[in-house]
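Structure first, then comments.
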Amino acid sequence: MHSFSSFHAKSFLLLLTFLCFINIAVTEEGFCSAPSISDDTNSNNQPLYAKVTNPTLSPSHLQDLPGFTRSVYKSDHALITPESHVFSPLPDWSNTLGAYLVSPAMGSHFVMYIAKMQESSKSGLPPKHVERFAFVLQGLVTFTNASGTGQTLTVDSFAYLPPNSEHLFESDESATLVIFERRYSYLEDHIPEPIVGSTDQQALLDTPGEVFQLRKLLPTSLSYDFNIHIMDFQPGEFLNVKEVHYNQHGLLLLEGQGIYRLGDSWYPVEAGDAIWMAPFVPQWYAALGKIPTRYLLYKDVNRNPL
Ligand SMILES: *[C@@H]1O[C@H](CO)[C@@H](O)[C@H](O)[C@H]1NC(C)=O
């Protein structure tokens with residue numbers, strides 16, 4: 001009896017192994033684990049209870065967990081991770097979906113949103129007295145300024161529009177922008193100019209006491225009441241200053257991964273994550289992993305906080 005069933009078990013294993021090879025040959029689905037009797041009872045072709053004996057903490061697996069999110073919303077900071085983005089049609093734009101990641105409802109004086117332009121899409125104008133900064137994350141966007149001059153904006157390029165300036169962003173195919181807007185804080189005798197540029201054209205700036213690389217996308221002159229910083233860290237580099245300051249921030253992690261400290265919380269973060277930092281929230285970053293970190297950061301500047 002024993003040898004009989006063992007013979008059958010062996011042929012069954014051989015059959016499964018054979019089927020497994022066919023599966024690889026046909027679908028190229030890669031890894032074919034040792035066949036087990038439970039193989040065809042599990043829809044993923046994984047052994048029963050495989051997640052217990054082969055645990056993983058990789059973010060892609062955590063995102064599979066129903067109800068799990070790394071997003072956090074607190075009174076002085078928020079981490080908004082991609083699995084939490086909710087898109088809806090942007091008012092005044094055509095064929096464009098937007099996800100607001102930071103808004104005054106959180107306590108900020110600016111909005112930060114992702115705009116996903118689809119085929120034949122067009123931007124709308126911001127409200128009166130509101131300035132706009134748009135940065136291309138994906139695709140090609142045609143930008144037309146108030147004099148009707150058109151320019152193609154590619155990934156890593158940007159446009160700044162002072163308040164009440166006519167302009168249009170258009171896309172024939174899919175394109176993604178991250179946009180910051182705020183009510184302009186007027187200053188006598190200072191008038192901001194429209195600006196179009198790209199990250200690689202901006203000079204590397206000195207960062208005394210720090211190791212990260214810094215570029216500013218807008219001029220530092222008093223006409224501008226905010227700036228957008230591009231900050232690059234090699235893996236293992238971190239902020240020296242454990243910053244606490246009056247300025248507020250909206251941050252989009254463009255590349256890499258690391259740990260962001262916000263107040264007393266320490267968050268693992270990766271490209272695609274967005275962060276809101278209220279004034280005076282203690283903040284600190286360390287880049288980890290194997291590839292450099294790059295993030296884009298809104299910062300209000302040049303105005304008396306009174
Ligand atoms: C529009 O862009 C052109 C080319 O860069 C520039 O010469 C012109 O001054 C711009 N007009 C406005 C209103 O910004």
Side-chain angles (χ1 to χ4, degrees), residues 90-96 98 100 102 108-205 213-232 250 252 254 294 296-303:
L90 273 179
D92 306 321
W93 293 54
S94 62
N95 292 341
T96 305
Y100 283 91
V102 177
S108 67
H109 62 214
F110 66 94
V111 292
M112 168 179 174
Y113 58 101
I114 305 281
K116 279 192 176 171
M117 304 185 76
Q118 335 255 314
E119 263 176 48
S120 317
S121 47
K122 284 185 197 313
S123 62
L125 289 172
K128 238 178 176 300
H129 306 304
V130 169
E131 56 191 332
R132 169 180 278 172
F133 176 92
F135 182 96
V136 182
L137 296 169
Q138 175 257 321
L140 292 179
V141 177
T142 304
F143 168 71
T144 307
N145 73 10
S147 2
T149 309
Q151 272 177 281
T152 302
L153 301 184
T154 55
V155 173
D156 234 22
S157 52
F158 59 88
Y160 166 80
L161 291 314
N164 314 321
S165 42
E166 287 284 327
H167 66 275
L168 184 64
F169 295 102
E170 287 173 289
S171 188
D172 295 335
E173 295 177 18
S174 98
T176 310
L177 302 167
V178 57
I179 299 179
F180 296 86
E181 289 166 2
R182 72 172 283 193
R183 210 160 288 282
Y184 181 63
S185 173
Y186 288 92
L187 200 61
E188 214 174 323
D189 301 328
H190 292 279
I191 297 172
E193 298 290 328
I195 290 165
V196 176
S198 71
T199 302
D200 57 3
Q201 289 166 0
Q202 305 305 117
L204 278 176
L205 304 175
Q213 292 193 321
L214 173 66
R215 291 176 173 85
K216 295 186 181 184
L217 302 188
L218 295 181
T220 52
S221 56
L222 284 181
S223 299
Y224 300 86
D225 61 358
F226 72 89
N227 214 318
I228 300 289
H229 295 182
I230 298 282
M231 293 168 64
D232 291 309
L252 181 64
L254 297 172
R294 167 169 283 187
L296 177 153
L297 185 79
Y298 167 98
K299 180 182 187 180
D300 54 309
V301 293
N302 287 335
R303 295 294 181 272

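Remember, it's 1-based here, ligands and their atoms both numbered in the order they're listed.
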Which pairs would a plain distance check flag for residues 217-224, meaning a side-chain donor or acceptor within less than 3.5 Å of a matching protein atom at least two apart in sequence or in another chain?
unit_1, atom_1, unit_2, atom_2, d
Tyr224, OH, Glu193, N, 3.0
Tyr224, OH, Glu193, O, 3.2

Taking only Lys NZ, Arg NE, NH1 and NH2, and the carboxylate oxygens of Asp or Glu, determine whether Asp232 and Arg294 approach each other closer than 4.0 Å.
yes

So which residues, sorted by chain and number, lie with a heavy atom under 4.0 Å of ligand 1?
Asn145, Ala146, Ser147, Thr149, Pro194

Using the ring centroid of each side chain, check whether Phe169 and Phe143 are separated by less than 6.0 Å.
yes

Ser157 side chain to Thr154 main-chain N or O, any donor-acceptor pair under 3.5 Å?
yes

Aromatic contact between Phe180 and Phe226, with the criterion being ring centroids under 6.0 Å apart: yes or no?
no

Restricting to non-hydrogen atoms, name the atom on Pro163 and the atom on Tyr184 that form the minimum distance, rounded to 0.1 Å.
CG-CB, 3.5 Å

